[in-house]
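Read the structure below first, then the notes.
Note that the numbering runs from 1 along the sequence shown for the chain. In listed order, ligands and their atoms are each counted from 1.
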Amino acid sequence: MSTLAHPDRFSFLHIDLNSFFASVEQQLHPEYRGKPLAVVPTVADTTVCIAASYEAKAFGVKTGTQVGEAKKLCPGIILIEGSHTEYAKYSHAITEAVDLACPVSHNPSIDEMVCQLMGREQEPSRARKIALEIKQSIYKNVGVALRCSIGMAPNRYLAKIASDMQKPDGLIGLLPSQLPRAIAHLELRDLPGVGARTEARLNSKGITTMEQLLALDRNGMRSLFDSVWGDRMYHWLRGAQTEDATGHNVSQAEVQKSLGHSHVLAPEHRSPEGSWAVAHKLLHKAAMRLRMEHFYTGSLAVTIRYQLTREQAETQATRGKVKRHYSGIKNSGWGMEARFRDCQDTLTLLEVLRSLWSQRPQGPEYQKPFFVGITMRNLIPEDEHQAELFADPNNRADLSATMDKLNLKYGHTTLHFAGMLPARESAPTRIAFTQIPVQYGVDYM
Ligand SMILES: [Mg+2]
């Protein structure tokens, strides 16, 4: 893979809410706006702050500061017991507000969203406009106290780094032509996936600065990290794309031609029924986006990750099968891809999804799905699509177009096929496709 000739395009936006919990409190309580404030688990001097407002940060209070210490640093600091329910509600509302400007592909955490850009959206000036619209939409639809920093980059790894480079209310783009020098001034710890332990290990091998890290070639990176992770990082830091929006490892060319949506399930949805409902919704969203951007797809892949109990994780570890999600959840994963004649209507794609879904594994270690992702690969521009010889017998294309109009008018998830599903249970699948197991990528966030 060449890392030199990447065009100057942004494939991903990473949105990171600034001082999220503290900002939600300032949104809920206008009297706290502009004041130093910290969110705490319980009001006691011995606990630590779980979030601090920008006004409190100016006094040196940050996440992890002991409450007693925070009071010394900033006498008069407002302490508030956090409400996770309230933050989850806001996170949801923010995702919907972002969706209005650009559909969210992935929520890596409660205060982060990732959008995959498609086609001309990837041009830097358009990407920038979308980023500004996202900020406006959050401001207008959710609240004036909520600010975010947005990173624009050719891959997810760099987009996350960029979102961290300017706070609050930042907007930073990392263009392939400016890489890696645009990140040479950062600290090693600014790299996602490099925590205290990894940093110590790098230091012990003589790497203490980003400049030293960036001076290494591929082999140097591989032996430094002692794994394929070093190789990946080498490419990511130079603007290469080696994974799509749902974390599948694919070639550079394939990333440009794929569209993915994924979701970490809320605890109440970690059941077979809950995960199906989410997969169904993701498919609906992706299919609508496919049509909005004028593409057809010839491939649909689904990925599910299952949370393991401690005993299951121990048994599986002996077989070398356990992965660790960025959330720390020990899990096993499953994935499958179907290839078929290119289409863009929701009903056909839904049939494929149902068929894939019915083949997911059933054992005891596959009962608690916590992550669902779907990816469409082999995207084909509408004007290159070969029309079928016989007209679409069920007017599936018309039906999809009508749904899109209604959803655009009344909100993204207004119209689903949920009501039609039971009636379709017994209907035979009318399209032919092949299914192949899917490789899914590593987690770094
Ligand atoms: Mg944040």
Using modelled atom types and a 3.5 Å cut-off, is there a donor and acceptor pairing between side-chain atoms of Arg291 and backbone atoms of Gln344? yes
Using distance alone, with no hydrogens and no angle criterion, decide if Lys35 and Ser53 have a side-chain donor and acceptor under 3.5 Å apart. no
side-chain hydrogen bond (donor to acceptor under 3.5 Å, both in side chains) pairs touching residues 21-32, sequence neighbours excluded, are Glu25-Tyr87, Gln26-Glu55
Does Arg289 pair with Glu121 as a salt bridge, N-O distance under 4.0 Å? yes
Within less than 2.8 Å of the Mg ion (ligand 1), the count of protein N, O or S atoms comes to 3
Under 3.5 Å, side chain of Ser105 to main-chain N/O of Gln116, donor-acceptor pair present? yes
Give a yes or no on whether Lys140 atom NZ has more than 12 heavy-atom contacts from other residues, nucleotides or ligands under 6.0 Å away. no
